[in-house]
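See structure below.
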Amino acid sequence: MNIENILAEEVKAAVSSLFGTEENVILQPTRREFEGNYTYVFFGLVKSLKRAPAEIGAALGDYLVSRSTLVSGYNVVQGFLNLKLADRVWLDVFRALKAGPQPAAKNRKVLVEYSSPNTNKPLHLGHLRNNFLGYSVSEILKAAGYDVTRACLVNDRGIHICKSMVAYRHFGNGETPGSSGLKGDHLVGKYYVEFDKAYKTQIHELMAGGMAEEEAKKAAPFMVEAQEMLVQWEQNDPAVIQLWQKLNGWVYEGFNATYKKIGVDFDKTYYESDTYLLGKDIVEEGLQKGVFYKKDDNSVWIDLTDKGLDHKLVLRGDGTSVYITQDLGTTDLKFRDFHCDKSIWVVGNEQDYHFKVLFAILEKLGRSYAAGCYHLSYGMVDLPSGKMKSREGTVVDADELVEEMIATSKAITEEKGKTEGFSDEQLEALYRMVALGALKYYLLKVEPKKRMLFNPAESIDFQGNTGPFIQYTHARIRSILRKSGFGSFPVPAEMEVLNPEEVDLIFLLKDYDKVVEAAAAEYSPALIANYVYDLAKTFNSFYTQHSVLNEASETLRFFRLSLIEEVSDVIRKGMGLLGIEVPEKM
RNA sequence: GGUUCCGUAGCUCAGUUGGAUAGAGCAACAGAUUUCUAAUCUGUGGGUCGCAGGUUCGAAUCCUGCCGGGAUCACCA
């Protein structure tokens with residue numbers, strides 16, 4: 001039972017006792033410019049009782065001060081009753097926090113799928129948002145008591161992969177990551193761009209020869225070759241498979257290096273080359289259940305007009321799969337593999353329609369798990385010039401961006417000149433920690449569904465509402481704790497008076513579990529980011545006004561050590577939910 | 001055109017189930033360090049919460065319409 005609920009019950013009882021009405025009492029934190037901790041808004045009573053606000057407020061306030069074990073004072077402004085709780089109450093709240101009860105396990109399994117890269121090009125800034133979101137949401141769900149499995153579905157086959165392969169076959173000359181000095185994913189990405197360039201030239205040549213554009217796009221030799229290669233791949237042609245394995249192998253080496261660098265990983269990896277044929281039996285099932293229907297050309301469809309959607313193809317006339325066919329199959333597979341209660345797809349909002357269709361079909365098929373499916377849709381990361389397009393080379397490359405961030409982090413750290421006693425390894429670790437802290441926080445502090453703008457000309461900040469600000473705050477606290485000479489920081493048994501800044505900190509600290517719960521319910525790391533920022537900011541304000549180690553009263557000194565230790569713990573835990581590490585020193 | 005998401009300070013973003021004078025950061029300006037880390041703190045200026053109606057004691061928040069922007073509406077994934 002938290003303090004807010006207890007207080008709300010007391011207020012409710014007071015209203016009932018004084019005015020004989022049952023009100024649904026909702027409290028809100030008192031705004032900073034007023035005295036008090038919680039505010040009860042009672043305009044409703046003013047109206048129903050037809051009595052003056054001042055009179056009602058005073059009656060309630062007096063009643064609570066005399067009867068409540070919590071309330072020590074109050075003031076009334078119009079229809080607002082501001083209640084101040086006794087310092088003793090806040091100390092009790094803090095003691096309970098320090099005891100550190102864990103959130104109860106929910107005994108529910110959740111599968112979170114994210115990253116899901118294509119193996120024809122390196123990761124870019126948009127993928128980073130996806131990876132950080134997926135990782136963070138997984139951590140948040142774990143913290144909220146769910147049993148989480150993190151999955152990645154690698155898009156390792158299809159016409160786009162064949163394009164890189166065609167270009168490599170023509171222009172590769174046996175180039176390898178070793179011979180070129182390029183990371184494997186960048187090398188393959190280079191050939192994907194090469195394909196596009198050559199293909200466009202071919203189209204122009206054909207059009208110059210009098211062919212219509214539509215026809216030229218289909219007839220261009222490279223496109224013909226890629227189509228043929230896809231067929232050969234599906235027929236297990238040894239030469240094609242060998243080439244495919246070679247290029248994909250390079251890409252995986254590159255991806256793994258990137259994942260390692262950005263601190264992202266998975267519990268389970270699915271490959272589309274293993275799963276792309278799944279789903280055809282579900283189409284058969286749907287036909288038998290009468291959920292799907294067949295057209296004259298043998299293609300299979302579903303009518304979703306009753307859901308406000310359209311008629312949707314689920315299997316081609318020639319019997320081959322489309323995207324939705326595969327997803328029906330892999331979704332069944334995922335629920336079979338993990339028996340999860342919920343499955344979350346972290347995928348960009350460009351696929352909103354696809355997931356609506358997918359979930360609608362699952363529901364019509366009577367899948368019991370359909371209600372547990374959720375598309376965590378997030379907005380694109382745009383550049384000032386517009387959308388990132390990998391074929392046109394207008395992307396912010398993930399590896400390059402991370403390296404730039406590390407270089408910036410290094411430059412700023414050196415400029416601050418506070419790294420005495422760091423070993424070279426510790427310095428490298430710090431540069432990376434701060435760089436990734438800045439980048440991850442930047443991408444996660446915005447509500448997922450909102451699209452966001454990234455201006456490469458303006459580097460990501462290290463001051464203000466940023467990851468490094470919070471990391472710095474943590475380092476500051478840890479520094480004080482180290483210098484105190486103690487190893488643990490219990491709450492003193494006797495403590496009487498608190499200053500407002502201390503109450504502010506306790507007030508925030510008690511909300512941590514609630515914020516985690518809300519972030520889990522809404523799949524929103526932004527809530528965590530905002531909360532941790534608020535806590536760090538509040539601490540820094542406290543820090544400038546009150547000393548910990550130089551405090552004359554020993555009791556107060558111990559109390560503050562205990563308080564700021566809790567602050568640093570919550571900062572570390574909260575940042576951990578964002579996938580961000582915090583340093584002991586910086 | 002249909003569907004859907006978004007629109008808050010010059011810029012990037014917060015804003016709980018409807019509550020008090022709409023908040024942070026960046027940028028600009030003015031201050032704070034013999035004192036636990038100044039990647040910090042304090043202050044100043046900066047707003048028609050896209051527009052117009054409606055609901056009510058009260059609307060950035062809920063409803064309707066309009067304007068602007070994104071995404072999507074493939075036998076691509």
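Here the structure is a predicted model, which means the values were calculated and not measured. Residue numbering restarts at 1 for every chain, and letters A, B, ... go by the order of the sequence lines.
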Out of [options], which has the shortest distance to the side chain of [X]?
X        : options                : result
A/Asn550 : B/rA22, B/rU40, B/rU35 : B/rU35
A/Gln326 : B/rC75, B/rA77, B/rA20 : B/rA77
A/Phe469 : B/rA77, B/rC13, B/rU40 : B/rU40

| Per the side chain to side chain donor-acceptor pair (under 3.5 Å) rule, which among A/Asn248, A/Asp156, A/Asp185 passes with A/Thr119? | A/Asn248
| field | 5' precedence on RNA chain B between A/Asn349 and A/Lys450 (nearest-nucleotide basis) | value | A/Lys450
Which part of the nucleic acid, if any, lies within contact of [X], taking any heavy atom under 4.0 Å across all strands shown: a base, the sugar-phosphate backbone alone, or nothing?
X        : answer
A/Phe43  : base
A/Ser377 : nothing
A/Gly317 : base
A/Ser541 : sugar-phosphate

| request: Write down the distance separating the C1' atoms in B/rC29 and B/rC67, rounded off to the nearest Å. | output: 37 Å
| message | Please check if the number of heavy atoms outside A/Lys410 that lie under 6.0 Å from its NZ is greater than 12. | response | no
| message | Whether the side chain of A/Thr544 and the base of B/rA32 hold a donor-acceptor pair under 3.5 Å is what I'd like checked. | response | no
